[in-house]
Amino acid sequence: MLAEADRAAEGVSSTSVYLPTPDALRAVRGILVQLGLPPELIFQIIDEATYYPTIHGTLPDAAHAQYEGEPGRGPGVLRVSASHDCPQGKNHAARLCLLTAPLLPGAPGETWRAKSVVWDLESHDQGWGGERGGTFHGAYSWFDAIIIRPRADREADGDEPLGLDAGGESGSSEPTATSLEEQLRALAHESQPKSIFDRMFCSPEDVAPTLSSLGYMLVTHGEGEGASAVWLVQRNRVAEDTFQEYHVEWDGRPHDAAEAELAHENGYGLGEGLLEVLGPGDIVGLWMRALYPGWANSVKSASVKILYDVY
């Protein structure tokens with residue numbers, strides 16, 4: 001109901017994928033206030049409707065990534081092979097396959113809070129091998145999430161904040177500056193023969209120098225030897241050569257031992273700590289991974305939705 005009313009107000013087709021913006025959320029809250037509803041009921045209505053600003057990311061189009069054909073399987077796929085794609089020949093390969101737009105900030109004085117991250121994937125491994133086929137145990141074909149953040153010295157050096165150009169407004173509908181993806185494309189054009197989505201790495205951390213040259217950094221979590229720049233999203237089912245659909249939701253709540261065991265048995269990550277560190281200006285990325293000789297990862301669709309609140 002809220003989305004339909006807002007689409008009509010903005011002239012958006014009912015068949016379009018509608019993603020609320022911070023301005024749309026403020027407008028809806030304003031309407032509910034005018035109806036005389038108490039604040040606690042307004043927050044409950046918004047929450048029940050899951051009507052929050054949303055950033056959506058998908059695989060790059062064919063103009064910016066090299067898709068491979070799979071006979072009889074329709075559109076091409078993105079693929080990474082542990083045996084062939086690590087530049088250093090380490091049988092451990094990684095390929096960036098998705099970047100979101102920057103998360104929009106709130107207006108001055110507003111509180112910003114990440115609400116949830118929702119992943120949808122269609123993928124499979126190399127279709128053979130492994131010790132426990134049909135399960136997720138010993139699955140060395142998987143997906144990891146990363147957070148990319150503008151360095152604190154980026155603005156201090158006179159650069160524009162990520163996601164805003166000289167005419168952009170904080171908290172407006174969409175980022176207006178050159179996106180990180182476009183900057184990486186430009187960098188690839190100047191110094192690399194391939195798009196960032198076609199460059200192969202041994203691990204996601206290997207992209208850090210490239211990001212640093214553009215004024216960005218990878219966000220890490222954990223401490224000491226447990227520190228990491230990635231969050232497990234989903235493992236591929238072992239020795240499965242047909243595309244499998246995976247749906248993973250992270251809402252930031254604590255998980256008990258039973259939920260952790262269920263996640264382990266089904267090969268998905270819980271995203272622990274990601275929503276707590278996610279903030280305005282951040283970009284979320286998805287990496288395809290494969291480890292050990294013979295292991296591979298093929299994906300034909302992948303998307304993420306990030307919902308956040310401003311109040």
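The analysis underlying the following values was restricted to heavy atoms, covering all of them including side chains, and did not include hydrogens, waters or symmetry mates. Along the sequence shown, residues carry numbers from 1. These numbers come from a predicted model, not from an experiment.
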Consider only side-chain N and O atoms of [X] and [Y], and report whether a donor and an acceptor are under 3.5 Å apart.
X: Asp251; Y: Ser116; value: no
X: Glu249; Y: His247; value: yes
X: Gln244; Y: Thr242; value: yes

I need the [X] [atom1] to [Y] [atom2] distance, nearest 0.5 Å.
X: Thr210; Y: Tyr216; atom1: OG1; atom2: OH; value: 13.0 Å
X: Ser141; Y: Glu240; atom1: OG; atom2: CD; value: 11.5 Å
X: Glu261; Y: Asp256; atom1: CD; atom2: CG; value: 11.5 Å
X: His84; Y: Met200; atom1: NE2; atom2: CE; value: 11.5 Å
X: Leu78; Y: Met288; atom1: CG; atom2: CE; value: 5.5 Å
X: Ser212; Y: Leu218; atom1: OG; atom2: CG; value: 10.0 Å

Smallest separation among heavy atoms of [X] and [Y], with atom names:
X: Gly138; Y: Trp295; value: O-CH2, 3.4 Å
X: Leu275; Y: Gly252; value: CD2-N, 3.9 Å
X: Ala290; Y: Asn297; value: CB-N, 4.5 Å
X: Gln126; Y: Gly294; value: CG-O, 3.4 Å
X: His221; Y: Glu272; value: ND1-O, 4.5 Å
X: Ala93; Y: Cys86; value: CB-N, 3.9 Å

Transitively linked via ILVMFWY side-chain contacts under 4.5 Å: [X] with [Y]?
X: Trp119; Y: Ile55; value: yes
X: Leu232; Y: Ile147; value: no
X: Val80; Y: Leu121; value: yes
X: Ile45; Y: Tyr52; value: yes
X: Val277; Y: Trp250; value: yes

Measuring only between side-chain heavy atoms, which start at C-beta, is [X] closer than 4.5 Å to [Y]?
X: Thr58; Y: Ser303; answer: yes
X: Gln234; Y: Trp142; answer: no
X: Ile148; Y: Asp282; answer: no
X: Pro22; Y: Tyr311; answer: no
X: Leu59; Y: Phe197; answer: no
X: Val219; Y: Ile146; answer: no
X: Asp144; Y: Leu286; answer: no
X: Pro87; Y: Cys202; answer: yes

Self-check item: Leu25/Ile46 under side chain to side chain contact (heavy atoms under 4.5 Å, CB included): CA gap, chis, key distance, verdict
Solution: CA-CA 9 Å; Leu25 175 59; Ile46 296 294; 3.9 Å; yes
Is a donor on one side and an acceptor on the other found under 3.5 Å between the side chain of [X] and the backbone of [Y]?
X: Thr54; Y: Lys305; answer: no
X: Arg149; Y: Met217; answer: no
X: Asp206; Y: Ser203; answer: yes
X: Thr100; Y: Val284; answer: yes
X: Arg95; Y: Arg79; answer: yes

Practice problem: Begin with the C-alpha distance, continue with both residues' side-chain angles, and end with the deciding distance and a verdict on side chain to side chain contact (heavy atoms under 4.5 Å, CB included) for Arg26 and Val310. | Solution: CA-CA 8 Å; Arg26 295 183 193 104; Val310 289; 4.3 Å; yes
Quiz item: Is the gap between the ring centers of Trp112 and Tyr308 under 6.0 Å?
Solution: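 Between Tyr308 and Trp112, which both carry aromatic rings, the centre distance is below 6.0 Å.
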Quiz item: Quick one: are the ring centres of Phe201 and Trp287 less than 6.0 Å apart?
Solution: yes
Exercise. Please test Tyr268 against Leu262 for side chain to side chain contact (heavy atoms under 4.5 Å, CB included), starting from the C-alpha separation and ending with a verdict.
Key: CA-CA 9 Å; Tyr268 60 86; Leu262 183 64; 3.8 Å; yes
Answer yes or no: is there an ion pair linking [X] with [Y], defined by an N-O contact shorter than 4.0 Å?
X: Asp47; Y: Arg113; result: no
X: Asp125; Y: Arg235; result: no
X: Lys115; Y: Asp309; result: no

Self-check item: Lys NZ or Arg CZ of Arg29 over Tyr51 ring: under 6.0 Å, within 45°
Solution: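 Judged by the rule, Arg29 and Tyr51 form no cation-pi pair.
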Practice problem: Applying side chain to side chain contact (heavy atoms under 4.5 Å, CB included), run through Phe136 and Arg237 and close with a yes or a no. | Solution: CA-CA 5 Å; Phe136 298 95; Arg237 194 181 297 276; 3.6 Å; yes
Practice problem: List for me each residue that meets ring-ring contact (aromatic ring centres under 6.0 Å, His included) alongside His264, sequence neighbours excluded, and say none if there are none. | Solution: His137
Self-check item: Flag if over 12 foreign heavy atoms under 6.0 Å of NE2, His255
Solution: yes
Quiz item: Is it the case that more than 12 heavy atoms not belonging to Glu131 sit under 6.0 Å from its CD atom?
Solution: no
